[in-house]
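Here the structure is laid out as C-alpha cells; the discussion comes afterwards.
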Amino acid sequence: MAYEIFSLPSFGSVRMDLSEGLLKPDMSPDAQNADTRSGALCSAGGFSRALPVNVDADTPLERMYVYATERGSRYLAVAQDMLFLYDAAASLWRPLYQFERGVTGERMDFLKARIGANDLLLIACGTEPMLTFDAETNLVDVFGTSEKLSYRTVSYVELYFGRLFAAGDPSAPSRLYWSKAPGGGRTIDDWRSDEASENVSGGFVDVGVDDDPITGLFALSNQLLIFKRDSLYRLLGDRPGNYRILAVDAAFRQPLHTACVRYADRLFFLTDGGLCYYDGQTVRKSASFRALEPLLKGANLNAARAAACDDTLFFAIRSRYGAPYNDMLIEYDVLRDRFMLRSGFTTVDLCTVHGTLHALTGDGRTVVFDGNTTYGGDPIDAYWYTPVLDLGRKDADKTLLRLTASGTGRIRVRVEANGGVYETVARLSSVPLSVTEIPLRGVGRVFRLRFSSVDGEPFRLDAPITLLFDRQRRPG
C-alpha cells in the first residue's frame, strides 16, 4: 500500500466551459446555492418575505420596483395589464393604473426624477404615454403634455447632466428625445425648443436608421450609452450645442436592457455568449466570459433581469426555453471575477434598496435577501462538485479511505468513481479547533466528490480539507 494525502486548499466558483480535467481542484463544474466567498463552502443565505401578501394578478407579472423615500418604501408591481401598489395600512395590493394596451417588462423602465419641487418616479411602458408616481400622495398621473411635446410613448428613460433623455417611441424607433435643462422655471417635462438658448432647449435626434431601433439608454459619468438592436452609440457633451453621437466599434451580442446593470461607472450586461462590460471607451468581455457558456447556450434571456448589490451583480434568467419565469439566479463577484448559481425559486424582477437585494417571485411574493436559512420557507438545496480528479496519475488506482474536515452542521459527501456511487452523511464537530474524520469508499483511476446540504440545513465546510487515499499502480 502507498497511503497518500490530497489537500483541497479552498472552494471556488463555477466554471463550466473547460474540460473538468483542466480545472483547478478549487473550481467547480457544477455548484448551486453555495457560498464560497471566504474560501470555505457554505450554504447560501436565503430570503424572507418583505410583505405579508402576494400580488394577485389576472395576467403574468412583468416588473417590480421599490421606491425608497425618507418616510419608507413604496412597493410597486406590474402585471401585463395592471400597475399595483402595496397598501401597508390595509395589507393588500391595490390596483393603481390599468394599461389599456398591455405591457411587457422588456420594454419598461423606471427612473427617479424631480419635476419642479416634486420627487417622482417615472414609469415608461412603451405602449402608452409615460406615467409619474408620487410617493407623497400614492397617485399616478400622465407625464408631460402635448403642448410641451413630452406626451410621448417611450420605453426607456435616463437622466444625463440634469436632462431627461427618452427613447423607444414606436412611431420613431431610432429617435432620442431630450428635455430642457432644469432651472430658471424650466422642468424636465418640457421637451420644446427654447428661444433663449439652444443649450437650454429640448429637442431630439434620430440615431442611425429606423430598422435598427433603440433598445436601451444608460448614463455614465461622462456619456450616455444608446443601445440599438444591432449597434451601440454613445452621446458625448453636456448641452445640445456640443452633443456628439458616435458609434462604438465593438463586436458583441446585444443585451436586453433589463440585463444591464451599472457598477463603478461601468455598465455590465449579460448576453447568451457571456458577461460583457463597457469600460467608457468600448465593450470588453469579462475575464470569465465563457465560464457559464454551456448554461447560457440552453438558457432563455428574453426576460432577464439584473441588479447590483455592493460588489456582487445578480442576473435572473430562465435556464431553459419554455420556463414561465426566471428560474436561475447568477451571482457575479466583481472583485474576484467569479460566478455562483442559485435555484429553487422563480424571479420576475430584481431591485436593490439601501444595499439589500429584493425580488418579486413568480408566485407573487416580494422577498428580501436577508441571509435567512430558507428561501421563504422552502429548504435551500446547496451543493458543490469537485472537478474530475486523477491526482496527477491516471495510470494508478486510488482507493478513497477518509476525509478530514472541520466546520459546522451536517454535510453529505458523495463519491463517484468507476461507475459506482457512495454517499455518507456526517455531522461536523462544532468544538473549536477540532476536526471530523469521515470514512469514504470508492476505487477508481479518476473520481469526483460532491458536498451538499442535508434536508436543506445550513452548513459550513472549512478549507482546507484533506483526503486520505491509497494509490496502487495498475499491473501491466
Side-chain angles (χ1 to χ4, degrees), residues 55 62-79 82-89 93-100 103 105 107-169 176-192 194 200 202-204 216-219 224 257-258 262 307 349-354 358 360 366:
V55 184
E62 294 286 343
R63 298 296 301 271
M64 62 93 71
Y65 192 87
V66 183
Y67 185 18
T69 72
E70 293 181 354
R71 298 184 179 182
S73 295
R74 305 291 187 272
Y75 290 83
L76 299 168
V78 180
M82 189 70 68
L83 171 67
F84 295 91
L85 169 70
Y86 179 70
D87 186 335
W93 286 92
R94 180 162 56 88
L96 198 60
Y97 183 87
Q98 184 169 4
F99 299 104
E100 297 294 338
V103 298
R107 289 184 58 84
M108 175 168 277
D109 210 355
F110 302 93
L111 181 67
K112 294 175 71 173
R114 169 162 286 199
I115 301 178
N118 298 318
D119 290 323
L120 302 169
L121 178 69
L122 307 186
I123 305 171
C125 67
T127 57
E128 301 178 25
M130 193 159 33
L131 305 175
T132 63
F133 170 72
D134 189 335
E136 292 294 325
T137 62
N138 290 336
L139 295 178
V140 165
D141 200 356
V142 174
F143 173 89
T145 64
S146 56
E147 177 189 359
K148 294 181 178 180
L149 303 182
S150 51
Y151 192 77
R152 304 283 186 179
T153 298
V154 295
S155 296
Y156 317 108
V157 287
E158 188 62 287
L159 288 174
Y160 176 64
F161 278 105
R163 296 176 190 264
L164 178 66
F165 284 76
D169 184 346
L176 177 68
Y177 299 97
W178 61 82
S179 71
K180 289 185 177 182
R186 300 178 300 271
T187 55
I188 61 170
D189 62 342
D190 193 342
W191 297 4
R192 297 171 296 183
D194 195 311
V200 300
F204 68 86
L217 300 176
F218 296 94
L224 177 72
H257 90 102
T258 52
R262 277 173 288 243
D349 206 357
L350 300 170
C351 183
T352 302
V353 186
H354 300 313
H358 288 63
L360 177 64
T366 305

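Worth saying up front: this structure is predicted, and the values here are computed from it rather than measured.
- At least one side-chain heavy atom of F133 sits less than 4.5 Å from a side-chain heavy atom of L96.
- Contact detail for S73 and A68: the closest heavy-atom pair is OG-CA, 3.8 Å.
- Formation of a donor-acceptor pair under 3.5 Å by the R107 side chain with backbone atoms of G168 is found in this model.
- The side-chain hydrogen bond (donor to acceptor under 3.5 Å, both in side chains) with R74 is formed by just one residue from the set D87, N138, D134; it is N138.
- No side-chain donor-acceptor contact under 3.5 Å links R94 to the backbone of L85.
- Residues passing the salt bridge (charged side-chain N to carboxylate O under 4.0 Å, His left out) test with K112: none are found, sequence neighbours excluded.
- Here the CG-OG distance, from D190 to S179, works out to 8.0 Å after rounding to the nearest 0.5 Å.
- Of all the heavy atoms in A219 and L159, the pair that sits closest is CB-O, 3.3 Å.
- In this structure, S146 and Y151 approach most closely via the heavy-atom pair N-CB, 3.5 Å.
- Taken from CD in E136 to CZ in R71, the straight-line distance is 4.5 Å, to the nearest 0.5 Å.
- To the nearest 0.5 Å, the span separating CG on L224 from CZ on R163 amounts to 12.5 Å.
- Within the model, atoms CG of L121 and OG1 of T69 stand 11.5 Å from one another, a figure rounded to the nearest 0.5 Å.
- The structure places CG of L83 at 7.5 Å from CE of M108, a figure rounded to the nearest 0.5 Å.
- Remark: of the listed residues R114, K148, K180, R152, K148 is the sole one forming a salt bridge (charged side-chain N to carboxylate O under 4.0 Å, His left out) with D189.
- Nearest heavy-atom pair, M130 versus I123, reported as atom, atom and distance to 0.1 Å: CG-O, 3.2 Å.
- With sequence neighbours excluded, the residues that form a side chain to side chain contact (heavy atoms under 4.5 Å, CB included) with D141 are T132.
- Shown here is F110, whose CZ atom has more than 12 heavy atoms of other residues, nucleotides or ligands within 6.0 Å.
- Note: Y86 and F84 fail the aromatic proximity criterion, with ring centroids not under 6.0 Å apart.
- Scanning both residues, T187 and G116, for their nearest heavy atoms gives CG2-N, 3.7 Å.
- Heavy-atom minimum distance, C351 versus M64: CB-SD, 3.5 Å.
- Relative orientation of the Y97 and F99 rings is perpendicular, given thresholds of 30° and 60° on the angle between their planes.
- Between the T153 side chain and the D169 main chain, no donor and acceptor come within less than 3.5 Å of each other.
- Relative orientation of the F218 and H257 rings is tilted, given thresholds of 30° and 60° on the angle between their planes.
- Ring geometry for Y160 versus F165: interplanar angle over 60°, hence perpendicular rather than tilted (30 to 60°).
- Summarising the geometry, atom CG belonging to D119 is positioned 5.0 Å from atom OH belonging to Y67; distances are rounded to the nearest 0.5 Å.
- The shortest side-chain heavy-atom distance between V157 and F143 does not fall under the 4.5 Å cut-off.
- You'll find the side chain of L164 reaches within 4.5 Å of the side chain of W191, heavy atoms only.
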Are V154 and D109 close enough, and set up right, to give a side-chain contact (heavy atoms from CB on, under 4.5 Å), and what steps lead you there? CA-CA 9 Å; V154 295; D109 210 355; over 6 Å; no

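- In this structure the side chain of V103 never reaches within 4.5 angstrom of the side chain of R63, judged on heavy atoms.
- Taking R262 as the reference, E158 meet the salt bridge (charged side-chain N to carboxylate O under 4.0 Å, His left out) condition, with sequence neighbours excluded.
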